[in-house]
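Below is one structure, written out as structure tokens; comments come after it.
Each ligand, and each atom within it, is numbered from 1 in the order the structure gives.
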Amino acid sequence: MGHEFSGEVIQVGQDVTDLGLGNRVTGNREWSCGKCYYCVRNKPALCVSGVYAGKHVNGCMAEYLVAPANTLHRLPDCVSYEIGALVEPLEVAFHAVRQGKVEVGNTVAIVGAGPIGCSTILAAKAAGASRILVSEYSAGRREMADEFGATAVIDPASGDPMKTIWDLTDGLGADVSFDCVGSGESPLAAIDFARKGGTAVIVGVFSEPCRMVNFNDISLTERTVVGSSGCANEASFVIEMVADGRLDPSALITDTIPLADTVRFGFKELIANKHKHMKILVQPSQ
Ligand SMILES: [Zn+2]
Ligand SMILES: [Zn+2]
């Protein structure tokens, strides 16, 4: 909690040369070492000694945040702080689309239309996917998926979602599918939705293991199942795309609240009315 943020630089460390006071920035959750096997191969989320803002160290639900300079990215003046705070989840979605090697003209299926599912719709569209099929239980979130540009939105409670995906894809399934939920049977749905030889990308983060995999669904279909963790320097182009308007994530913001109300109007509101919300922004200075 507390790893998606934007803000103004008010102080810099002695050796920092590429950031100055007054710079507007956003940043990444992974504070990676920059030197290990994974870091030198542009896999900062896999860093052997990385720490996460908001997990291992204090995060950004605060007025001030201390962060390593190399984890921050400058925001152009035309990108608001609100949109700047959405750069990280967009990066996660673009990273997932890269992990799935989505190609122009592909059919993509997405399980879950939460913030990452909806960001993945935007990323898949940007990557040239021709059809984006989204499966989501919540009516409110299905509407959001539609708004973000899904070509078909499926309610898995109203019939067999796999059959619907097949009906929509001439009996084949999606070229690339994504689990953007990370609970229960969501990864199995993502695997089911991928065509033979297709790819299922597991983006969700699980609080408990899912042990119900029938590995025939992988071996006999020659599907590829690939993980996606965090991001890997997708910020540079995500910031360019929100700056010039090619990417508009503003509908992800469903409320903005003062820092002092984070528990009452943030966490409790999300628990009570999860399906009304995507991202609730916390404003420290209000
Ligand atoms: Zn490292
Ligand atoms: Zn995030």
Practice task
Angle at the Zn ion (ligand 2): provide the value between NE2 of H3 and OE2 of E4, rounding to 10 degrees.
Solution key: 100°
Completion exercise
At the Zn ion (ligand 1), SG of C33 and SG of C39 open up to roughly (10° bins) 120°
Problem - S177 vs I191 side-chain heavy atoms within contact, under 4.5 Å - result: no
Handout entry: Within 6.0 Å of CG in N273, more than 12 heavy atoms from elsewhere
Key = yes
Exercise for the section: Return yes when atom CD of E8 has more than 12 non-hydrogen atoms of other residues, nucleotides or ligands closer than 6.0 Å, and no otherwise. Expected result: yes
Problem - Shortest-distance N/O/S atom, E88 versus the Zn ion (ligand 2) - result: OE1
Problem - Side-chain donor or acceptor of T224 paired with backbone N/O of T199 under 3.5 Å - result: no
